[in-house]
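No hydrogens, no waters, no symmetry mates; every other heavy atom, side chains included, goes into these values. All residue numbers refer to positions in the sequence shown, counting from 1. Atoms within each ligand, like the ligands themselves, are counted from 1 in listed order.
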Amino acid sequence: MAARDTYLPYGKQWIDEEDIQAVVDVLKGDFITQGPAIERFEAKVAEYAGVRYAVAFSNGTAALHGACYAAGIQTGDEVITTPITFLASSNCALYMGATPVFADIDGETYNIDPDQVSRLITSRTKAIIPVDFTGQPADIERIMNIAQEAGLVVIQDAAHSLGASFNGRRIGSIADMTMFSFHPVKHVTSGEGGIIVTDNEAYYRKLQLFRSHGMTRDEKLMQRNDGPWYYEMVTLGYNYRMTDLQAALGASQMDKLDRFVQRRKEIAAAYTEAFGGYEGIITPRQHPLADSSWHLYVLRWDEAFINGGRNHAFDELRSRNIGVHVHYIPVYKQPYYQELGYGNELCEQAERYYKQAMTLPVFPAMTDNDVHDVIAAVLETRSKLLK
Ligand SMILES: *Cc1c(COP(=O)(O)O)cnc(C)c1O
């Protein structure tokens, strides 16, 4: 058994000298927050996504909160999302006093199942928050159709899918609002950071207000104007601003996005080729219209063939210094959600998925040797645990 001597994490940022220089330049300038780097970063992301507007936030969670505000989500509303996601996708509905409703996943793509979404729409439903889990876009065309028929807003949680597309259309250009995250494990990083992209000017204005205390100096929005110092608070907002340091790093990283995504695709293809056809391990199925940007690679371990299933395989791989992970625990199982009254095994497909799933390392700075280490360790583990 050939264990690595260093731990290989499941994800990691890649910062180069250009990125460092971009941040240093801001530090030497006049503005370290609320300066010109923010607008440059927003323009870059909007252009990449193919939309008119982008509003940067301090993190992706704050951005989702802003999108829920802009969508007009209120106490008593229902918001449909997936249970196989990070907590923020449904917490943002709770922030507005709304009720998250969990639609089960498709057992093959692990993304929210549009049929389950349709089934759960009520007169109280206000929005759908699909998540492009692992970087594979959810079936956003069907979800947009369902939403349009029912008069719902779609906020796409694309924290995993910057650089992905669906049916030839880039993610960011399809939903009413789309959120990207710039946390260090995501495709490009700003340290912490998030953004909402949209083509809708009304949403854009609301997002800007919400990000900065609900304050404005725009005469069209103010009731009066006492002078050049004057501002008005017209809604309850937060301090959710990104700094110029973060924006400069994010903008510099955006220049490398296509290269990063290309490398992620190569690594995912190497895994799928290496693991295809082995009984007991299941590689991720792709929707025919989805072009994933591979934030994560999930392998499932079938306990019918593998002694101890995913849990034993997880221990084996960690003991070989492979930083495998599990994304995600179904959100409704969290103690906080259990106290709100959600069933502990609410969604059948999500439960099955959660028992079997394991995330393998994928990040652009991985070397071919790292990839081979993962493949060798997975196949050794399978042989050792095969019934
Ligand atoms: C990372 C992530 C978020 C939140 O992003 P932060 O920038 O960490 O706040 C939201 N949803 C999903 C699916 C994520 O992976």
Per-atom contacts, ligand 1 versus S181 - under 4.0 Å to a heavy atom
1 (C), 5 (O), 6 (P), 7 (O)
Check whether the ring centres of H65 and F210 lie less than 6.0 Å apart, and answer yes or no.
yes
Which of the atoms in ligand 1, numbered in the order shown and given with their element, are less than 4.0 Å from a heavy-atom of Y328?
15 (O)
Does Y230 OH have over 12 foreign heavy atoms under 6.0 Å away?
yes
Kindly identify the option in K186, H295, H65 whose heavy atom sits closest to atom 14 (C) of ligand 1.
K186
Which residue and atom name correspond to the protein heavy atom nearest atom 11 (N) of ligand 1, and how close is it?
D157 OD2, 2.7 Å
Six-ring centre of Y69, R211 cation under 6.0 angstrom, axis tolerance 45°:
no
Do H183 and ligand 1 have an N or O pair less than 3.5 Å apart?
no
Are any of the N or O atoms of G60 closer than 3.5 Å to those of ligand 1?
yes
Can you find a side-chain donor-acceptor pair between T109 and Q136 that sits under 3.5 Å?
no
Run the numbers for me: atoms of ligand 1, each under 4.0 Å from some heavy atom of G193, listed by number.
7 (O)
for atom 4 (C) of ligand 1, nearest protein heavy atom and its distance come out as T61 OG1, 3.6 Å
Any atoms of ligand 1 less than 4.0 Å from a non-hydrogen atom of S89? List them with their elements.
11 (N)
Where's the contact between T85 and ligand 1, heavy-atom distance under 4.0 Å: side chain, backbone, both or neither?
side chain
Verify the distance criterion only: is there a donor paired with an acceptor across the side chains of D19 and Q253 at less than 3.5 Å?
yes
For H160, the ligand 1 atoms with a heavy-atom partner under 4.0 Å come out as 13 (C), 14 (C), 15 (O)
Closer than 4.0 Å to some heavy atom of M179 - which atoms of ligand 1 meet that?
10 (C)
Is a donor from one side chain sitting under 3.5 angstrom from an acceptor on the other, for Y353 and D104?
no
Any side-chain donor paired with an acceptor under 3.5 Å for Y337 and S90?
yes
Between Y204 and Y53, ring centroids under 6.0 Å:
yes
